[in-house]
S.K.: 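Sharing a structure, written as structure tokens. Questions coming.
Every chain is numbered from 1 and lettered A, B, ... according to where its sequence line falls, protein lines coming before strand lines. All of these numbers come straight from a predicted model, not from anything done at the bench.
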Amino acid sequence: MKEEKAGETPQWKNDFPIDKEEATHVSRREFAKFLTLFSGALALGNGAIVLKSIAFPEKELEGQHFICEEGQVPMGEMLQFEIEGDKVIPYILIHLEDGEWRAFEQKCTHLACAVIYRKDLNLIECPCHKGYFDPKTGVVTQGPPPRPLPQLEVVIENGKVFVKAKSHKA
Amino acid sequence: MSNFRYSQKEAHPNKTNTLMTGITLLLILLVSIQIWLLYSALNNALTDNFNIALGTFIGSSVLFIAAAWLLRYLPEPRKPKIKE
């Protein structure tokens, strides 16, 4: 076996003339190309949102759903219920202190925590990040949620509480 | 005939550096705008606002084309010196 002399380049280095430093170095050209690739990925992601909203449009709730008897929810209280469809969506039914009824989706529009009705504040509260919604309209009154709570229309018939899709968007 | 590429090769390394920095900064700006557009699209898609989703997609695609077009002006890498 041939001995390697100190300071002499070994044969294998001549066969594979790639320096470690060169291989791990990200040049400014490569960085610019990477940024462009990332830009393409963002444009594609935006396209995916468009495709999704064309291919799978949100379905409105169909028909009228029975929830409970009118007497089951005292004034100022709320009832949690679920409606099963393609997916199970949790809702809250609120009997406001002025006697009106409201139904909202229970998922906070910020990070989907479960919201609750606070009788003492007369507000719907998201306990995770202290987001507050108006219990009459569902609009955000305070905190980080970006959109109002999706709302259902409440129908009272013969002492029974039903919900159905809201006829117009709030 | 002299063209952009020819002049760029002949340019002083300082000019090449400035061009490179300019392109990188522009690309970062374009990508930042795209992130903002994507964020708006996501938020609005959740409330069934299709027009915003479509508008941001068109905007984002235009920005991507602009970013790809900017790559034309990247200075060519310096040729490694051939070892004897």
S.K.: Side chain, backbone, both or neither: which part of B:I28 has an atom under 4.5 Å from a heavy atom of chain A?
M.R.: both

S.K.: State yes or no: do B:W36 and B:L26 share one hydrophobic cluster built from I, L, V, M, F, W and Y residues joined by side-chain heavy-atom distances below 4.5 Å, directly or via other members?
M.R.: yes

S.K.: Is the CZ atom of A:F66 crowded by more than 12 outside heavy atoms at less than 6.0 Å?
M.R.: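 Above 12, so yes.
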
S.K.: Applying salt bridge (charged side-chain N to carboxylate O under 4.0 Å, His left out), can you list everything that pairs with A:E100, at least two apart in sequence or on another chain?
M.R.: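 So A:E100 forms a salt bridge (charged side-chain N to carboxylate O under 4.0 Å, His left out) with A:R102, A:K136.
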
S.K.: Within residues 28-48 of chain A, which residues come under 4.5 Å of chain B, heavy atom to heavy atom?
M.R.: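 Under the 4.5 Å heavy-atom cut-off, A:R28, A:R29, A:F31, A:A32, A:K33, A:L35, A:T36, A:F38, A:S39, A:G40, A:L42, A:A43, A:G45, A:N46, A:G47 qualify.
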
S.K.: Under a 4.5 Å side-chain heavy-atom rule over Ile, Leu, Val, Met, Phe, Trp and Tyr, are B:I33 and B:I23 clustered together?
M.R.: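 Yes, it is one cluster - the side chains of B:I33 and B:I23 are joined through contacts under 4.5 Å.
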
S.K.: So if you build clusters from Ile, Leu, Val, Met, Phe, Trp, Tyr with side-chain heavy-atom gaps below 4.5 Å, do A:I67 and A:V73 land together?
M.R.: yes

S.K.: Mind ranking B:L71, B:T24, B:L37, B:L30 by heavy-atom pairs under 4.5 Å with chain A and telling me who comes out on top?
M.R.: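 The candidate making the most pairs under 4.5 Å is B:L71.
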
S.K.: Using heavy-atom distances under 4.5 Å, tell me whether B:I52 contacts chain A through its side chain, its backbone, both, or neither.
M.R.: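 It is neither, since no heavy atom gets under 4.5 Å.
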
S.K.: Are there over 12 heavy-atom neighbours, none belonging to A:D120, within less than 6.0 Å of that residue's CG?
M.R.: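 Correct, the count exceeds 12.
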
S.K.: A:I94, A:F162: one ILVMFWY side-chain cluster at the under-4.5 Å cut-off?
M.R.: no

